[in-house]
Amino acid sequence: MSEPVLVSTWHHGRGANEAGWPHLVSRSALDAVEEAVRTAEADPEVRSVGRGGYPDRLGRVTLDAVVMDHDYRCGAVAALEGFLHAVSVAREVMERTDHVLLAGAGAADFARSIGMQPERLLTAETMRLFEEKVRVRETAPANIENHDTIVSLGCDAQGRLAGACSTSGLMNRLHGRVGDSPIVGAGLYVDGEVGAAGATGHGELALRVAASALVIERMRGGLAVAAACESVIEHIRRRLRPGPDRQLALLAIDRDGRCGAAALLPGFSYALTRAGVHEMVEVDA
Ligand code: SD4
């Protein structure tokens, strides 16, 4: 038996874990991570996910999301417009189709076809903030006010692992830009024999090295969870030479429910829940 654990990125991970934990106990890791992520998607104060998420340079809110379970089952959507719960659309891609990733108008058609209700995601407050940023041509680094992507990773009492991730992507992105979050291996990776890992921050860094898959492969090679995250962050630092304002954080759990994280820059935190007790963990860089 494994020790059940649920981890979710950033401060809003706390509310996500509070919502997800009962599902971890009574249902499954997969249900728990989906519920955790839905909570962040519905929160208009979370500016990089779902409702209230920052739009792209054309003023359009486009969502990326992925789910992956113990046995390499996965589903994802990229550049989805007009549906709040991108993570649930991603899960339905996994449950109902033979595909892994649906993008753009096709993803929205699919969501509509399974009865999901379209809605407006751009709030007046997000639009005001967005106009302020674009007017001054500010490119906000992923760590300061542009950092809310949620990744949730869970291990249930049966020892089954799952992960989910949802984002509206980086502020000021080009229309059509897809980040790491919906890409299996980059924004999320789960192998039930090893662990689950996810990324938040500047997605291009995670895409270029398949960061989440690399964490899992290093764990498979014998590194402990935190050491695996740190070694991939070090690899990114050495080989990609990211600029000083580029944040990327990696979070992982193993099949025994141990967790760890590492980040390029200070400021990353995650919510950790074990035995129903919630705490926040600040990660040094
Ligand atoms: C992206 N990785 O689209 C996402 C953004 C993010 O915390 O994680 N922000 O690049």
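As the structure lists them, so they are numbered: ligands from 1, and atoms in each ligand from 1.
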For ligand 1, is there an N or O atom under 3.5 Å from any N or O atom of Glu204?
no

Atom CD1 in Ile150, atom CZ in Arg38: separation rounded to 0.5 Å?
13.0 Å

If I apply the N/O under 3.5 Å rule, does His202 come out as touching ligand 1?
no

Does an N or O anywhere in Gly201 fall below 3.5 Å from an N or O of ligand 1?
yes

Residue pairs passing the salt bridge (Lys or Arg N to Asp or Glu O under 4.0 Å) test with at least one member in residues 25-35, sequence neighbours excluded, are Arg27-Asp31, Asp31-Arg91, Glu34-Arg91

Which one holds for Ala199 and ligand 1: side chain close, backbone close, both close, or neither close, with close meaning a heavy atom under 4.0 Å?
neither

Is it true that a side-chain atom of Asp256 and a backbone atom of Arg258 form a donor plus acceptor pair closer than 3.5 Å?
no

Side chain Asp71, main chain Arg73, donor-acceptor under 3.5 Å:
no

For Gly203, counting its heavy atoms only, list the atoms of ligand 1 lying under 4.0 Å from any of them.
2 (N), 10 (O)

Below 3.5 Å, N or O to N or O, backbone or side chain included: is there any such pair between Thr149 and ligand 1?
yes

The one among Thr200, Leu248, Ile183 that brings a heavy atom closest to atom 7 (O) of ligand 1
Thr200

Ligand-side contact atoms (ligand 1) for residue partner Asp180, heavy atom cut-off under 4.0 Å
1 (C), 2 (N), 4 (C), 10 (O)

From Arg274 CZ over to Leu6 CG, what is the distance, rounded to the nearest 0.5 angstrom?
11.0 Å

For Arg177, state whether at least one heavy atom is located under 4.0 Å from any atom of ligand 1.
yes

Can you check side chain to side chain contact (heavy atoms under 4.5 Å, CB included) on Cys165 and Thr149, steps first, answer last?
CA-CA 7 Å; Cys165 175; Thr149 291; 4.0 Å; yes

Which ligand 1 atoms does Ser181 reach within 4.0 Å, using its non-hydrogen atoms?
2 (N), 4 (C)

Please identify each residue that fulfils salt bridge (charged side-chain N to carboxylate O under 4.0 Å, His left out) with Arg14, with sequence neighbours left out.
Glu18

